[in-house]
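Written out below as structure tokens is the structure these notes cover.
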Amino acid sequence: MKTIGAGELRAQNAGETVTLAGWVARRRDHGGVIFIDLRDASGIVQVVLNPDEAPASEEVLHGLRSEYCIQVTGTVRPRPEGTANQELPTGAVELAAHGLVVLSPSAPLPFQIDERVDIDEGLRLQYRYLDMRRTRMAGNLRARSAAIGAMRRVMDRGDFLEVETPTLIASTPEGARDMLVPSRLRPGHFYALPQSPQLFKQLLMIGGVERYYQLAKCYRDEDFRADRQIEFTQLDFEGSFWGQDEVLDVLEQIVVEVVQELRGEEIELPIARISYADAMEKYGTDKPDLRFGMEIVDLSDLFADTEFKAFAGVLGSQGTVRGINGGALGLARSGLDRLVERAQELGARGLVWMIVQEDGSLRSPVAKFLSEREIAAIKGAFDASPGDTLLIVADEAKVVTSVLGQLRLTVGQPEDSDELAFVFVLDFPVFDVNDDGSLSPAHHPFTAPADVDELASNPETAISQSYDLVLNGSELGSGSVRIHDPEIQAKVFEVMNIGAEDARSRFGWFLEALRYGTPPHAGFAIGVDRMVSILRGEPNIREIIPFPKTQTGADPLTGSPGRVEEDQLFQLGIDVRPEVRIGWAEAEEDAGA
RNA sequence: GGGGGCGUGGUGAAGUCUGGAGUUCACGCCGGCCUGUCAAGCCGGAGGUCGCGGGUUCAAAUCCCGUCGCUCCCGCCA
């Protein structure tokens, strides 16, 4: 139907007779001669329809409209002197048409297929098939495909075996909510869609597959965010006789290959590494954005004898005083007030700001409480220059760290930066300490602790052999060395408060498998959508997912999720609760009235 | 579960704070003119239940209440 792609035509094709097929991206009808910008998957080329050459009836020619699907046969020729278009790769040539067929006309469009305005996203999703004719989406789909291609190259190079694991599995209620699928053959029973292929890939290791990978669809029934959908894709891989170093080595290869593919840039190895403890200490988060410094500085010693009561009080009760140098923010009073409000929203009791004046003095609400010696020490601690804004929070360490970590992003995160700052965050703790002092597992219970005895004796400070890959302040994925010893696995369950009976009933099949010569193994999973969205500079992962869902989990194109026939429910042995049916009836009444 | 933003011809926006005739701009659409444009140009035209419901008022796109949708964030995401 076509002999070459529209976007492939170049000066050296001049003289050739070719057939193109694609869409009318734009038409410039001069009454006589008509120019058509013909777009297909390969690009755009200008087609010239000249009445003297009578390629088709007047009716057809002047009737062409936006996004008509057409086929054109003609001769490639250089454009006349002075009419070349530098903006187009094909701009040196044009197609002189001598035959044109409308393959399929188009109804008037719900929005224009160009980049002139930001269309409401709900409308874009409802007409996603039109949205993806636009260069933005077409480019993102290609980038996603290219990224996956690059990942597969690394996997192939490393002799990884691609294995598909099931997506209808047993629910293990822990961590995120499971997406459930009712079983017809066993009424009242449910499959869960996998949150990750975790246990299956470990079974593959036990099964002698020494290197495995999969582009795995994963499902987590939690609320949406700009970087979170309930359904998403991970590059999941695992290796036997591996520890952390082998995993990070593969990750570095993936990063290099993908960044090269998508941006043509060299990433320098090794990728930076930071411990979880250091990341929290310096940046107040386990996913630091290292495109900028602005490290958190501890000022507790400096304020040991302060006359400022708020600080003194906090320091007297095991608290801490820390701050960041926001640099030359140039904020007016209102902007500083907003920072104070922001800090309070984030959980701080207050925020003290100080601005270094030209004469070396500090402008600050608390300036009158500060001695000369303290002022000098503060400036020294922050390495402050005139114009710098210093932001200081006093509270218990956990609050101070998290507030300053987020304020750091508020004032420091670059807006239109194309810089990439990858970093491995290592040595995560086994447990997170909750506000009430209780412990909750920071990772799934198959993560190997650094030291089992330490885990038992000091669970709140115990380190696990787990690691994250972070890019520009976003977590791209995480992984760990897994437990391969059933005894250690049992101890971990115990410390995590999963009783032996409980563990057997939920994971008995897996504990059984561990008993048969399980090789030491380790692995990782990278969020493909998230990685591509950051590398493409997109603000959310919906731009990278071909058919994403809205924040309420709906698909405006197909109308999912939908209700089903009563008979379907009957066959599944399930019913919808009465209060939900009442809700349906009320909604229908409102719609009718 | 909670907080913020948005909703105005097909699209994008202005108008809303401070109530006074569906007013405006750009693109698109329809018709006419036009043989070298490339966001073609010029002339003319059509097109709106201001998301929906209720309230206040002589009068509501505008103020108030509710609701729906989209979005950003907190919680949540072992």
Side-chain angles (χ1 to χ4, degrees), chain A residues 25-38 44-53 61-63 65-67 79-88 90-91 94 96 106-127 130 172-178 195-196 198 218-230 232 341-342 345-347 402 406 409-410 428 430-432 434-435 439-447 464 466 475 478 480 492 496-498 527 539-540 542 549-552 554 556 586-587 589-591 593:
Chain A
R26 213 170 280 284
R27 122 195 98 99
R28 293 177 290 280
D29 185 342
H30 288 242
V33 69
I34 301 171
F35 299 96
I36 298 291
D37 286 343
L38 183 74
I44 287 181
V45 73
Q46 171 166 285
V47 175
V48 184
L49 307 171
N50 194 311
D52 301 343
E53 298 163 24
L61 292 188
H62 295 286
R65 292 292 182 270
S66 287
E67 298 304 315
R79 294 201 186 185
E81 187 76 24
T83 62
N85 184 345
Q86 309 295 336
E87 306 290 313
L88 283 178
T90 62
E94 62 190 15
S106 171
L109 301 164
F111 54 82
Q112 287 162 252
I113 313 291
D114 60 31
E115 308 296 317
R116 296 179 61 163
V117 288
D118 286 328
I119 311 297
D120 174 73
E121 205 184 329
L123 194 66
R124 288 175 55 203
L125 293 182
Q126 187 185 344
Y127 294 95
L130 296 179
T172 56
E174 194 165 358
R177 248 177 240 111
D178 277 330
Q195 297 183 27
S196 89
Q198 182 61 33
C218 302
Y219 304 84
R220 293 179 190 171
D221 190 5
E222 296 294 343
D223 286 357
F224 286 67
R225 285 286 188 286
D227 60 356
R228 272 168 29 193
Q229 288 265 312
I230 49 176
F232 59 101
E341 279 171 33
R342 174 76 176 144
E345 275 170 27
L346 295 169
S402 114
Q406 294 186 73
L409 295 178
T410 304
F428 275 75
V430 176
F431 292 104
D432 290 326
N434 299 323
D435 287 336
L439 300 177
S440 58
H443 295 275
H444 59 69
F446 313 103
T447 301
S464 65
S466 57
E475 177 195 321
S478 44
S480 62
V492 167
M496 287 189 171
N497 238 340
I498 301 174
N540 66 66
R542 295 185 301 276
K549 289 167 183 54
T550 66
Q551 202 164 41
T552 51
E586 283 170 357
E589 210 169 290
D590 289 350

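Reminder, nothing fancy here: chain letters follow the sequence lines and each chain counts from 1.
Within the nucleic acid shown, A:Thr83 comes within 4.0 Å of at least one base atom, counting heavy atoms only. Within 4.0 Å (heavy atoms only), A:Arg220 reaches sugar-phosphate atoms of the nucleic acid but no base atom. Residue contacts for A:Pro80: at a heavy-atom cut-off of 4.0 Å it reaches a base atom on one of the strands shown.
For A:Val117, counting side-chain heavy atoms from C-beta on, the closest listed nucleotide (B:U35, B:U11, B:C34) is B:U11. Which of B:C27, B:C77, B:U71 sits closest to the side chain of A:Gln551 comes down to B:U71. Across B:U35, B:C72, B:C27, the shortest atom-to-atom separation from the side chain of A:Ala226 is found for B:C72. Comparing atom distances between the A:Gln46 side chain and each of B:G12, B:C77, B:G36 picks out B:G36 as nearest. Side-chain proximity of A:Asp52 to B:C27, B:U35, B:G75: nearest is B:U35. Side chain of A:Asn50, nearest nucleotide from B:C38, B:U35, B:C70: B:U35. When the nucleotides B:C73, B:C70, B:C27 are ranked by their closest atom to the side chain of A:Arg225, B:C73 comes out on top. Closest approach to the A:Arg542 side chain among B:C76, B:C72, B:C29 is made by B:C72 (side chain taken as heavy atoms from C-beta onward).
A donor and an acceptor atom never sit less than 3.5 Å apart when one is taken from the side chain of A:Asp120 and the other from the base of B:G7. For B:C38, its base sits under 3.5 Å from the side chain of A:Asn85 at one donor and acceptor pair at least. Contact annotation: side chain of A:Arg27 to base of B:C38, donor-acceptor pair absent below 3.5 Å. The base of B:C73 has none of its N or O atoms less than 3.5 Å from a complementary donor or acceptor on the side chain of A:Arg342. A donor and an acceptor atom never sit less than 3.5 Å apart when one is taken from the side chain of A:Glu121 and the other from the base of B:G69. Taking only distance into account, the side chain of A:Arg65 never meets the base of B:G28 through a donor-acceptor pair shorter than 3.5 Å.
Taking CG of A:Asp178 as the start and CZ of A:Arg220 as the end, the distance is 10.5 Å to the nearest 0.5 Å. In this structure, A:Glu222 CD and A:Gln229 CD are separated by 14.0 Å, a value rounded to the nearest 0.5 Å. Expressed to the nearest 0.5 Å, how far CD1 of A:Ile113 lies from CG of A:Leu130 amounts to 5.0 Å.
Stacking between A:Phe111 and the base of B:U11 is absent under the criterion of ring centres within 5.5 Å and planes under 30 degrees.
B:C6 and B:G69 make up a base pair, with Watson-Crick or G-U wobble contacts both under 3.5 Å. Figure legend. B:C25 is base-paired to B:G12; pairs are counted as Watson-Crick or G-U wobble with both atom distances under 3.5 Å. For B:C58, the paired base is B:G20 (Watson-Crick or G-U wobble, both distances below 3.5 Å). Summarising the base pairing, B:G41 is matched to B:C33 through a Watson-Crick or G-U wobble pair whose two defining distances lie under 3.5 Å.
In this structure, A:Ile113 places its CD1 atom 22 Å from P of B:C38, rounding to the nearest Å. Following rounding to the nearest Å, A:Asp178 (CG) and B:C76 (C1') show an atom-to-atom distance of 15 Å. The CZ-P distance, from A:Arg26 to B:C38, rounds to 11 Å in whole Å. Distance A:Leu123 CG to B:G69 P: 17 Å, rounded to the nearest Å. The CG-C1' distance, from A:Asp118 to B:U71, rounds to 13 Å in whole Å. Here B:C42 presents its P atom at 13 Å from NE2 of A:His30, a figure rounded to the nearest Å. Computed from coordinates, the A:Glu115 CD to B:G12 C1' distance equals 14 Å when rounded to whole Å. With rounding to whole Å, A:Phe224 atom CZ is found 14 Å from B:G69 atom P.
Along RNA chain B, the nucleotide nearest to A:Gln198 and the one nearest to A:Asp223 differ in position, and the one closer to the 5' end is contacted by A:Asp223. Remark on RNA chain B: of its neighbouring residues A:Glu87 and A:Thr552, the 5'-side contact belongs to A:Glu87, judged by nearest-heavy-atom nucleotide.
A:Ile34 has its side chain within reach of A:His62: a pair of non-hydrogen atoms, C-beta onward, lies under 4.5 Å apart.
For CD of A:Glu87, the number of neighbouring non-hydrogen atoms (other residues, nucleotides, ligands) closer than 6.0 Å is 12 at most.
Across B:C70 and B:A78, the matching C1' atoms stand 31 Å from one another, rounded to whole Å. Rounded to a whole angstrom, the distance from the C1' atom of B:C64 to that of B:U57 is 12 Å. For B:C72 and B:G31, the P atoms lie 40 Å apart once the distance is rounded to whole Å. A distance of about 26 Å separates the P atoms of B:G36 and B:A26, rounded to the whole Å. Here the separation of B:A61 from B:C6, taken at their C1' atoms, is 15 Å to the nearest Å.
A donor-acceptor contact shorter than 3.5 Å is absent between the side chain of A:Glu67 and the backbone of A:Leu109. Within the 3.5 Å criterion, the main-chain N or O of A:Asp223 finds a donor-acceptor partner in the side chain of A:Arg228.
At least one side-chain nitrogen or oxygen of A:Arg28 sits closer than 4.0 Å to the OP1 or OP2 atom of B:A40.
Here the closest heavy-atom approach between residue A:Cys218 and residue A:Ser196 is recorded as SG-CA, 3.9 Å.
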